[in-house]
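Only one structure is covered here, and it is reproduced in the block below.
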Amino acid sequence: MTKTLIVGLGNMGRSHALAHHAAPGSQIVGLVNRSPRDLPEALAPYPVFDSFEAGMETRPDLVVIATYSDSHADLAISAMEAGAHVFVEKPLATTVADAERVVETARRLGRKLVVGYILRHHPSWVRMIEEARALGGPYVFRMNLNQQSSGPEWETHKALMRTTSPIVDCGVHYVDVWCQVTDAAPVRVQGIGLRLSDEIAPDMYNYGQLQVVFEDGSVGWYEAGWGPMMSETAFFVKDIISPGGSVSITDANKGASSDIDGHTKVGGLLVHEPSGDRMIDLPDEPGHQELCDAEQGFVLSAIETDRDLSRHMADAVRSLAICLAADESIRTGRPVTL
């Protein structure tokens, strides 16, 4: 039985806690949050601590970190040095150097480190990657996720933007997909961005776009924007194009950009080839909680079977490096060579 500590009880932390509550191989030994939180009934019986240090006194085998991005690296390293394996929400860190420091610690101490790339556990996105690779490269990646947020959702986005831009926070998911498709190293990144609200810090932007060139000639763009001013026209574009054809998400839940289940659902794939088009129906897709269940199941299995996570950790650093390079390009106005 894996003794598990959950750190951070926002939307993702609560979902991960519920996953461990239901997992037969996990025993929650504590929940950590700096301020009081209303919790689902299922989580009410567990001890709640107001600091990471107090929670670590339970001597967990696994620490699940779902706090704000700027705390991820230090908390992950502290947990591993105390003897625990770690699941950490994306992004792994707010700098490449910190991300590499976390990975080095995991390797040195022999700990399992899993980063919260939820699309890796979604069967429809796995199928999209398989179909794209079957077409052969080089590739054009066209993807975005713009979120028209207001009320509590806008408050959450403003809180996230104290430490992380949308292009980094959301972009790492989709750039990670690109890296799985092409397997090529990124060589050049550039970005554009704009601050569209006086409610966020003067040095932050809530709309951004990145462009990346890979070593095999593949290219991609990703766009992300948060806030009440964002358009919901073409807010969800997911295309992969190659000389052999293209793969596109065509039937996703497009009800509202604030619908968290709609961000991952595919519904159907359109595979276009010169010989004709092929629709792949993907019914009964997992929802957000089911995906969190799958993520945490993967972590528990990796611990139990001593799974080699070298590629997983390398990919996490690579996708973060691309998005942080775009952030640097937006702030400096210059392309970044990797």
Output all residues satisfying salt bridge (Lys or Arg N to Asp or Glu O under 4.0 Å) with Glu104, sequence neighbours left out; order by chain, then residue number. Arg108

Taking atom types as modelled and ignoring hydrogens, do the side chains of Tyr174 and Ser319 form a donor-acceptor contact shorter than 3.5 angstrom? no

Would you say the side-chain atoms of His16 and Glu89 include a donor-acceptor pair closer than 3.5 Å? yes

Using only atom types and a distance under 3.5 Å, with no angle test, would you say the side chain of His72 pairs donor to acceptor with the backbone of Thr67? yes

Examine the side chains of Ser246 and His272 and answer whether a donor and an acceptor come within less than 3.5 Å of each other. no

How about Glu153 and Trp226: does a side-chain donor come under 3.5 Å of a side-chain acceptor? no

Under 3.5 Å side-chain donor-acceptor pair for Thr4 and Ser26: yes

Does Asn33 reach the main-chain N or O of Leu9 with its side chain, forming a donor-acceptor pair under 3.5 Å? yes

Using a strict 4.0 Å threshold on nitrogen-to-oxygen distance, state whether Lys112 and Asp308 make a salt bridge. no

Heavy-atom donor-acceptor pair, Glu290 side chain to Gly287 backbone, under 3.5 Å: yes

With Phe52, which residues qualify under ring-ring contact (aromatic ring centres under 6.0 Å, His included), at least two apart? none

With sequence neighbours excluded, what pairs up with Asp284 under the side chain to side chain donor-acceptor pair (under 3.5 Å) test? none

Asp38/Arg14 ion pair, N-O < 4.0 Å: no

Quick check on Glu81: does its CD atom have over 12 non-hydrogen neighbours (other residues, nucleotides or ligands) under 6.0 Å away? yes

Does Tyr139 have any ring-ring contact (aromatic ring centres under 6.0 Å, His included) partners at least two apart in sequence or in another chain, and if so, which? Phe141

Would you indicate whether the side-chain heavy atoms of Arg101 and Ile77 approach each other to under 4.5 Å? yes

Salt-bridge contact Asp203-Arg195 (side-chain N to carboxylate O under 4.0 Å): no

Return yes if some donor-acceptor pair links the side-chain N/O of Asp98 with the main-chain N/O of Ala93 below 3.5 Å, else return no. no

Do Ser329 and Gln190 have side-chain N/O donor and acceptor atoms under 3.5 Å apart? no

Are side-chain N/O atoms of Tyr207 and Glu223 paired as donor and acceptor at under 3.5 Å? yes

Residues Asp70 and Arg162 bridged, charged N to O under 4.0 Å: no

Any ion pair linking Asp176 and Lys90 (charged N to carboxylate O, less than 4.0 Å)? no

Would you kindly say whether His20 and Gln296 are connected by a side-chain donor-acceptor distance under 3.5 Å? yes

Partners meeting ring-ring contact (aromatic ring centres under 6.0 Å, His included) with His85 (sequence neighbours left out): none

Can a side-chain donor-acceptor contact be found between Thr182 and Asp216 if the only test is distance below 3.5 angstrom? yes

Residue list, ring-ring contact (aromatic ring centres under 6.0 Å, His included) with His312, at least two apart or on another chain: none

